[in-house]
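To keep things clear, I will list the structure first and then write my remarks on it.
Each chain gets a letter, A, B and so on, in the order its sequence line appears, and its residues count up from 1. Remember, predicted model here, so these are calculated numbers, not experimental data.
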Amino acid sequence: MTAIEANEVSKRYGTVVALDRVDLTVAEGEIFGFLGPNGAGKSTFINVLLDFVSPSDGSVEIFGHDCHAEGVAARKRIGVLPEGYSVFERRTGRQHLEYAIRSKEADDDPAEILDRVGLDPTDAEREASDYSKGMAQRLVLGMALVGEPDLLLLDEPTTGLDPNGAAEMRDIIREENERGATVFFSSHILEQVEAVCDRVGILQGGELVAVDTIEGLRESLGGGTKLVITVDHMANGTLASVREIQGVETAVEREESTLEVTCTNDAKMDILVELHDAGVDVVNFRTEEASLEDMFIEYTGTGR
Amino acid sequence: MSWRVVAREDVYDAVRSKTTWLAVALFPIAFLGYVVAHDYVGEPNFPAFVAGLAGVVGVVLPAVAILLSYKSIADDRTSGRLTLTLSLPHSRRDLAIGTVVGRAVVVLVPALLALAVAGVVGAVRFGTDGVLWVPSFLLASALFGAAFVGFAVGLSMSTTADRWITLGGLGGYLLLVTFWGGLQSATLLVLHRFDFQVLRDIPDWALLFRLLEPGESYARLVRAGFDVDLAGLYVVEGAPLYVSAPAALVLLVAWALVPLVVGYRRFRASDL
């Protein structure tokens, strides 16, 4: 059975196209990473899944339930960490969970879930409107975990979390997946996705430009190599001329006088020659396997 | 049936809000205040007291009902609290029903309590003549209040634009409570080429127009129980069926439901 099935989903706001014929299937039991720069349409897609937004064309199903016509049936089986929420006023963290438990007709123990998402008993009795963004994010994740959902839908789950919190979030995602839940989460932070996902989809300008496993994406780069080159100085236009070289996919300046270039194997020498010709001395260089971030930059053209 | 969960949450929230307490505190002040004031403004018998009290209800209850409901859903929507609620398995219809039920409880429970107390004190002071009709007076008041809760919750679902909601809430109050009678008279005068005689002998169809005002329907219902002249217009010999007490009942129910349904349809069709 498929967890999420999107058929030709489009969403237009006037003349602006937020989603452009997105076709996507997420199988049960997968951890699926939904990647894209801010404004690519990730949240719009998730909002269509939640029936917050009606698609202009196409349809989405969750476990065979149409998200618009049978929204409640679809949402009964999912736990959601939405984007752009705010917590209820005058309610403690614990009361938030109790509300979620009543709404889902579940019988979870609020204390247990709060503990799992890292909110201690003192926090649990405080009003949630006083929480930091990170704490609110933990609380709403807790609400999403209520009732052992078959699908977790997490929109930018690590927003507001420190690296430690982000790691805990990943642990929870893995635990839930081992329990049998499908996980669909969006992020613009690549390492989050790279660390836990079975498959990723890359959304750019409302279009799904790639859906594959991480290995598959690597291969589609043609066994791309990453060169990390340290130079004595960077001359004006060097970066641009490196990009011109046949076989170079991306070239970015990482920090002061360090270049990162992804390219085919054959192009390595040409790059060094080009730098030499430009009067730039190479102090050091090494090669690395291309990371997802490099691929991401390539797919979305958001080179820094 | 998840509207119950939503309603419960709504009531719970309101009980903890200072605004709610400040607003509903108006009920005992106004209604019990009238028990004292009736000495100066009305005849010392129970039906006259109830008629006067109904007049106070007609001004205070709509104000509190609109104040506590007109931003209910719109505020949650713009703040993002609705995102959280609708991430749970609640439909938008459950949300609408739950909210209107919740707000109705918050407005009507203190209103009816205050009215009941005022009724008891009034009976002690002005005699028990007609006191058996008090329950139906309370029922009519509840329906009258519910009409404005329905109107205001419907309004809060119809748009998120703050100025339209404020305008609608204030405008609704002014039109439905303050100016309706004047508007009706003005319309009649224009239609009858400023023959002022028409105001003393209102045509039947214009009675219905007047009864459309929730306050008039309410007064008409109160009149069904008490022999008071608040609604004397509609009980003269040969008054048509469409200004009978059941018609008033139907109109109040319509005031509660029609704006709610219109607002809900807009809400259902729009993106959050």
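- Looking at A:Val140, the atoms closer than 4.5 Å to chain B (heavy atoms on both sides) all sit in the side chain, from C-beta outward.
- Around CZ of A:Arg21, the count of heavy atoms belonging to other residues, nucleotides or ligands within 6.0 Å does not exceed 12.
- How far CZ of A:Arg90 is from OH of B:Tyr12: 11.0 Å, rounded to the nearest 0.5 Å.
- With a threshold of 4.5 angstrom between heavy atoms, A:Arg77 does not approach chain B through any atom at all.
- More than 12 heavy atoms of other shown residues, nucleotides or ligands fall within 6.0 angstrom of atom CZ in A:Arg199.
- Between chain B and the options A:Ala144, A:Gly147, A:Ala74, A:Ser54, the largest number of non-hydrogen pairs under 4.5 Å is found for A:Ser54.
- With a 6.0 Å radius and a threshold of 12 heavy atoms from other residues, nucleotides or ligands, A:Arg179 has its CZ atom above the threshold.
- When the heavy atoms of residues 66-87 of chain B are compared with those of chain A, the residues falling under 4.5 Å are B:Ser79, B:Gly80, B:Arg81, B:Thr83, B:Leu84, B:Thr85, B:Leu86, B:Ser87, listed by number.
- When the heavy atoms of residues 99-137 of chain A are compared with those of chain B, the residues falling under 4.5 Å are A:Tyr99, A:Ala100, A:Arg102, A:Ser103, A:Lys104, listed by number.
- Dense packing is recorded around NE2 of A:His65, with more than 12 heavy atoms of other residues, nucleotides or ligands lying under 6.0 Å away.
- Taking 4.5 Å as the heavy-atom cut-off, the residues of residues 259-272 of chain B that approach chain A are B:Ser270, B:Asp271, B:Leu272, ordered by number.
- Between the CZ atom of A:Arg75 and the NE2 atom of B:His90 there is a distance of 9.0 Å, given to the nearest 0.5 Å.
- For A:Glu175, the CD atom sits in a packed shell: over 12 heavy atoms of surrounding residues, nucleotides or ligands are nearer than 6.0 Å.
- When side chains are defined from C-beta on, A:Arg91 does not count as touching B:Arg16, because their heavy atoms never get closer than 4.5 Å.
- Below 4.5 Å, heavy atoms of chain A meet no heavy atom from residues 140-161 of chain B.
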